[in-house]
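Take a look at the structure below.
In what follows, residues are counted from 1 in the order of the sequence shown. Everything numeric in this text was worked out from a predicted model, so none of it was measured.
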Amino acid sequence: MSHVVLLKSLPEIKEMQAHYEPFSTGKIPPGGVFAAKANNCSITAYKSGKVLFQGAGAESESARWGGDIAKPKAKKESKPAAANLPENISSLSCIGSDEVGTGDFFGPITVVAAYVSQANLPLLKELGVRDSKNLNDEKIISIAKQIKEVIPYSLLTLHNDKYNKLQMSGMSQGKIKALLHNQAIGHLLEKIAPEQPEVILIDQFAQKDVYYQYLKSQPKVHRDRVYFSTKAESVHLAVAAASILARYAFVKHFDKLAKEAGFPLTKGAGGKVDEAGARLIHEKGIDALPQFVKLHFANTEKSKKLYRKKYM
């Protein structure tokens, strides 16, 4: 049984509780806020801020709400994620792959595979390359403009109109991400050939067997020397560089979308995003939504509701 855990604020959990009220099970576990069953998925929210989605529909249902995915803590008797990685991986030449935008209502998904040779490791450290989540957009832009001239990389951008078509055809966000990562890595391997990385490291968003299951119909699947790790930005600078370049591309596209909208848009999937969505409907019409947003997010219905309340 697949499962996803999201981290949500109490106000967000209250919104989710109201949404799932018609599907309530009436059985709330200790420390819980609500429990419901909908769309082939059991949803349980806890006072700790964690919301657990379990079942066949866990991935698609959790994606409706966006936000941060809680990383499971390793059991004491289990080996840490890094145990399956080469001990000296941080000093090896590496292709790192990461994505940005999967939890944002507005804006595309950007995936970057970046190659960092052993010779370029000191330079990237000097430039301040690290996890993009710990950098503001101004710093990301500054670093990205420098490293994109130094290291080979492959960037793929999935705009919302195409993303929505794939999602409505039944493709999960996890499969979409797997396809993009595999393609970006393939493009980069061709770009740097005949040079080969010692390792390929993907910032883990799915278990290894699930990742390859997503790719079973693809003519070329990259498996050789491929490793997966959560928080991979801290494992190798190649993933940190990929994260920065992906964020840089996302920010540029996001700013372009805001210009097309004619007013500032908000990143993420919180309450201010709903206000921007309502304003977008008011100024551009509801038919403009697929170009700007990920339609299956819960923000779509909340934006429509706010639009009717505020503008009609």
Side-chain angles (χ1 to χ4, degrees), residues 2-7 59 62 67-103 109-118 120-121 124-125 128-135 140 147 151-156 172-186 188-189 192 196-215 221-247:
S2 60
H3 70 277
V4 176
V5 180
L6 297 183
L7 294 175
E59 189 172 279
S62 62
D68 296 327
I69 297 177
K71 303 296 185 181
K73 293 182 179 179
K75 296 179 180 179
K76 290 183 179 180
E77 65 273 20
S78 300
K79 294 181 179 180
N84 295 321
L85 303 177
E87 289 185 7
N88 62 335
I89 188 170
S90 64
S91 63
L92 301 178
S93 65
C94 175
I95 284 180
S97 190
D98 201 0
E99 84 281 336
V100 171
T102 56
I109 292 176
T110 54
V111 173
V112 167
Y115 175 58
V116 178
S117 64
Q118 291 186 20
N120 278 332
L121 283 170
L124 263 61
K125 290 179 182 178
V129 172
R130 57 184 186 274
D131 185 358
S132 68
K133 298 181 185 66
N134 297 324
L135 301 171
I140 284 171
I147 64 175
I151 62 173
Y153 68 96
S154 173
L155 163 68
L156 296 178
S172 70
Q173 192 182 85
K175 182 171 183 177
I176 291 171
K177 289 193 288 185
L179 292 170
L180 291 171
H181 278 274
N182 186 63
Q183 187 176 349
I185 290 168
L188 186 53
L189 285 169
I192 67 174
Q196 290 286 320
E198 293 173 286
V199 292
I200 298 172
L201 181 61
I202 299 173
D203 190 49
Q204 187 169 0
F205 57 88
Q207 293 299 316
K208 180 179 178 180
D209 57 343
V210 175
Y211 174 84
Y212 286 120
Q213 179 67 20
Y214 286 145
L215 301 175
V221 178
H222 303 285
R223 298 174 180 266
D224 191 26
R225 305 183 302 281
V226 173
Y227 296 89
F228 301 83
S229 176
T230 57
K231 299 182 180 179
E233 303 95 331
S234 62
V235 175
H236 200 287
L237 287 178
V239 181
S243 176
I244 288 171
L245 290 169
R247 185 70 184 178

Criterion side-chain contact (heavy atoms from CB on, under 4.5 Å) on H222 and L189, from CA distance to verdict: CA-CA 10 Å; H222 303 285; L189 285 169; 3.6 Å; yes
Report the C-alpha distance between V226 and Y212 in whole Å, list the side-chain angles of each, state the deciding distance to 0.1 Å, and finish with yes or no for side-chain contact (heavy atoms from CB on, under 4.5 Å). CA-CA 11 Å; V226 173; Y212 286 120; 3.6 Å; yes
In the structure I gave you, are the side-chain heavy atoms of V112 and S154 within less than 4.5 Å of one another anywhere? no
For a quick test of reading the model, state the closest non-hydrogen atom pair linking Q173 to T102 and the distance between them. NE2-O, 3.2 Å
If we only count heavy atoms from C-beta on, is the F228 to F205 side-chain gap below 4.5 Å? no
Any V221 side-chain heavy atom under 4.5 Å of Y214 side chain: no
Pairing residues for Q207 by the side-chain hydrogen bond (donor to acceptor under 3.5 Å, both in side chains) criterion, not counting sequence neighbours: none
Just verifying a value: how many Å separate I147 CD1 and L124 CG, rounded to the nearest 0.5 Å? 6.0 Å
Using side chain to side chain contact (heavy atoms under 4.5 Å, CB included) as the criterion, list what pairs up with D224, not counting sequence neighbours. none
Backbone of L215 reached by a side-chain donor or acceptor of N182 within 3.5 Å: no
Which atom pair, heavy atoms only, marks the closest approach of A241 to V129? N-CG1, 3.7 Å
Would you indicate whether the side-chain heavy atoms of S243 and D203 approach each other to under 4.5 Å? no
Report yes if the side chains of I151 and Y115 come closer than 4.5 Å at any heavy-atom pair, otherwise no. no
Measuring only between side-chain heavy atoms, which start at C-beta, is R225 closer than 4.5 Å to Q196? yes
Evaluate the criterion side-chain contact (heavy atoms from CB on, under 4.5 Å) for residue pair L155 and L245; output intermediate values, then yes/no. CA-CA 8 Å; L155 163 68; L245 290 169; over 6 Å; no
From E99 atom CD to T110 atom OG1, the distance as rounded to the nearest 0.5 Å: 8.5 Å
If we ignore hydrogens and angles and just use 3.5 Å, is the side chain of H236 paired with the main-chain N or O of L92 as donor and acceptor? yes
Mind running side-chain contact (heavy atoms from CB on, under 4.5 Å) on Y211 and K177 for me, showing each step along the way? CA-CA 9 Å; Y211 174 84; K177 289 193 288 185; over 6 Å; no
Taking only residues two or more places apart in sequence, or in another chain, which ones meet Q213 in a side chain to side chain contact (heavy atoms under 4.5 Å, CB included)? K216
Side-chain donor-acceptor contact under 3.5 Å, E59 with S172: yes
Looking only at non-hydrogen atoms, find the nearest pair between G96 and V239 and report the distance. CA-CG2, 3.7 Å
Distance-only donor-acceptor check, side chains E198 and S93, under 3.5 Å: yes
Shortest non-hydrogen pair, Q204 vs K208, comes out as NE2-N, 4.3 Å
Could you report the tightest heavy-atom contact between C94 and A238, atom names first, then the distance? O-CB, 3.5 Å
side-chain hydrogen bond (donor to acceptor under 3.5 Å, both in side chains) filter on Y153, not counting sequence neighbours, yields none
Taking all atoms of both residues into account, what is the closest heavy-atom pair of V199 and P86, and its distance? CG1-CG, 4.2 Å
With sequence neighbours excluded, residues passing side chain to side chain contact (heavy atoms under 4.5 Å, CB included) with A113: I95, S97, A184, I185, L188
Min side-chain heavy-atom separation Q183-L179 under 4.5 Å: no
With a 4.5 Å heavy-atom cut-off, do I192 and P197 have their side chains touching? yes
With L180, which residues qualify under side chain to side chain contact (heavy atoms under 4.5 Å, CB included), at least two apart? I109, V111, L156, L158, I176
Looking at CD1 of I200 and NE2 of H181, how far apart are the two atoms once the value is rounded to the nearest 0.5 Å? 13.0 Å
